[in-house]
Amino acid sequence: MSHILVELKQLHLQINQSVILRDISLELQRGEIVTLIGPNGSGKSSLVKVVVGLVKASSGLRVLAPKLRIGYMPQALKLDKSLPLTVRHFLQLTNTKPRPIDILITLNEVGAEKLLDSSVHTLSGGEWQRVLLARALLQKPDLLVLDEPMQGVDLTGQEELYQLLATLPKKYNCGVLMVSHDLHLVMAATDKVSCLNG
């Protein structure tokens with residue numbers, strides 16, 4: 001039985017006249033963490049968007065395991081400041097319609113249970129990243145896709161988050177595809193590193 005969750009073969013992405021991705025092949029299996037690194041503008045976020053289906057590749061092959069559930073944590077998610085939204089309500093807006101107990105358990109897992117009734121607009125960068133991770137985990141994902149999960153997180157918080165991320169493939173029986181800049185921390189918490197540069 002194959003444990004391959006996603007397979008990309010000779011993927012090519014061109015937007016207008018710009019070649020964003022050229023000849024990318026990648027395989028990700030259940031239980032492993034694959035990290036994408038590379039300079040700004042090398043196509044990391046574009047590749048992630050192709051994997052989750054937000055952007056269609058110009059050519060090449062994208063094969064997903066049947067009935068694959070994806071939990072996606074985008075690089076930046078800006079919410080309208082005029083919307084009065086608590087963390088609880090924000091997490092209830094996922095397409096799985098989680099039970100209150102699932103929200104509590106997941107927030108607890110990511111170390112953010114105290115934020116349940118906080119306004120999403122008052123959270124620090126690190127708190128917001130934990131809430132976004134909880135939102136992705138509430139999808140009960142086979143594949144967890146994290147685009148720069150450490151953005152806005154201080155150094156102590158980054159180490160804690162990486163330690164948490166390292167436990168997720170086993171706990172959720174999932175694969176993790178992550179975009180990161182911090183090679184030092186990445187090397188401690190990843191199975192494969194793919195370097196993109198156009």
Side-chain angles (χ1 to χ4, degrees), residues 33-38 40-41 44-49 51-55 69-172 174-190:
I33 298 177
V34 173
T35 303
L36 298 173
I37 61 167
N40 284 343
K44 300 183 299 294
S45 290
S46 296
L47 181 58
V48 157
K49 286 176 180 162
V51 169
V52 298
L54 293 173
V55 173
R69 282 193 313 269
I70 297 176
Y72 174 48
M73 181 177 170
Q75 186 178 46
L77 184 61
K78 300 275 185 269
L79 297 174
D80 187 331
K81 289 256 194 285
S82 66
L83 283 174
L85 202 58
T86 63
V87 168
R88 182 198 305 262
H89 289 133
F90 174 69
L91 293 177
Q92 284 170 339
L93 296 173
T94 63
N95 31 355
T96 53
K97 302 281 181 274
R99 301 173 308 164
I101 187 71
D102 293 331
I103 289 175
L104 264 176
I105 289 168
T106 309
L107 279 175
N108 191 42
E109 269 184 2
V110 301
E113 64 282 359
K114 292 188 182 82
L115 304 174
L116 184 66
D117 291 310
S118 302
S119 162
V120 293
H121 305 300
T122 61
L123 303 180
S124 71
E127 289 170 339
W128 180 231
Q129 293 302 87
R130 285 172 189 266
V131 168
L132 287 178
L133 178 58
R135 179 174 173 258
L137 290 172
L138 280 166
Q139 305 298 318
K140 306 224 178 325
D142 301 301
L143 175 63
L144 190 57
V145 180
L146 312 171
D147 193 353
E148 294 284 0
M150 302 302 154
Q151 204 167 342
V153 182
D154 63 29
L155 273 174
T156 313
Q158 283 186 22
E159 283 193 33
E160 287 172 4
L161 262 178
Y162 272 119
Q163 285 169 4
L164 171 67
L165 290 177
T167 68
L168 296 179
K170 205 171 219 164
K171 189 177 260 180
Y172 281 81
C174 67
V176 178
L177 178 64
M178 175 168 58
V179 172
S180 182
H181 276 106
D182 193 325
L183 199 52
H184 172 68
L185 284 169
V186 162
M187 295 311 275
T190 196

Contact summary for Val131 and Leu115, nearest pair of heavy atoms: CG2-CD1, 4.2 Å
Could you tell me the separation between the CG atom of Asp147 and the OG atom of Ser180, rounded to the nearest 0.5 Å? 10.5 Å
Contact between Trp128 and Gln151 at the side-chain level, heavy atoms closer than 4.5 Å - yes or no? no
Using the salt bridge (charged side-chain N to carboxylate O under 4.0 Å, His left out) rule, collect all pairs that involve residues 115-137, keeping only residues at least two apart or in two chains. Arg88-Asp117, Arg130-Glu160
Expected list for residues 137-145: side-chain donor-acceptor pairs under 3.5 angstrom, two or more places apart:
residue	atom	partner	partner atom	Å
Gln139	NE2	Asn95	OD1	3.3
Asp142	OD1	Arg30	NH1	3.4
Asp142	OD2	Arg69	N	2.8

Would you indicate whether the side-chain heavy atoms of Ile103 and Leu116 approach each other to under 4.5 Å? yes
I'd like to know if the side chain of Gln129 and the backbone of Pro149 have a donor-acceptor N/O pair within less than 3.5 Å. yes
Qualifying side-chain hydrogen bond (donor to acceptor under 3.5 Å, both in side chains) pairs with a residue from residues 105-115, counting only residues at least two apart or across chains: Glu109-Tyr172
Could you give the distance from SG (Cys174) to CD1 (Ile70), rounded to the nearest 0.5 Å? 12.0 Å
Distance-only, no hydrogens or angles: does the His121 side chain make a donor-acceptor pair with backbone N or O of Leu79 under 3.5 Å? no
Contact summary for Lys44 and Ile37, nearest pair of heavy atoms: CD-C, 3.5 Å
How about Leu161 and Gln158: do any of their side-chain heavy atoms sit closer than 4.5 Å? no
Partners of Thr86 by side-chain hydrogen bond (donor to acceptor under 3.5 Å, both in side chains), sequence neighbours excluded? His89
Do Ser46 and Val55 have side chains that approach each other closer than 4.5 Å (heavy atoms only, starting at C-beta)? no
Salt bridge (charged side-chain N to carboxylate O under 4.0 Å, His left out) contacts touching residues 92-108 (sequence neighbours left out): Arg99-Asp102
Compile the donor-acceptor pairs under 3.5 Å between side chains in residues 164-171 and protein atoms, sequence neighbours left out, one pair per line.
residue	atom	partner	partner atom	Å
Thr167	OG1	Leu164	O	2.6

Spacing of Ile33 atom CD1 and Leu177 atom CG [to the nearest 0.5 Å]: 10.5 Å
Considering only heavy atoms from C-beta outward, does the side chain of Phe90 approach that of Leu132 to under 4.5 Å? yes
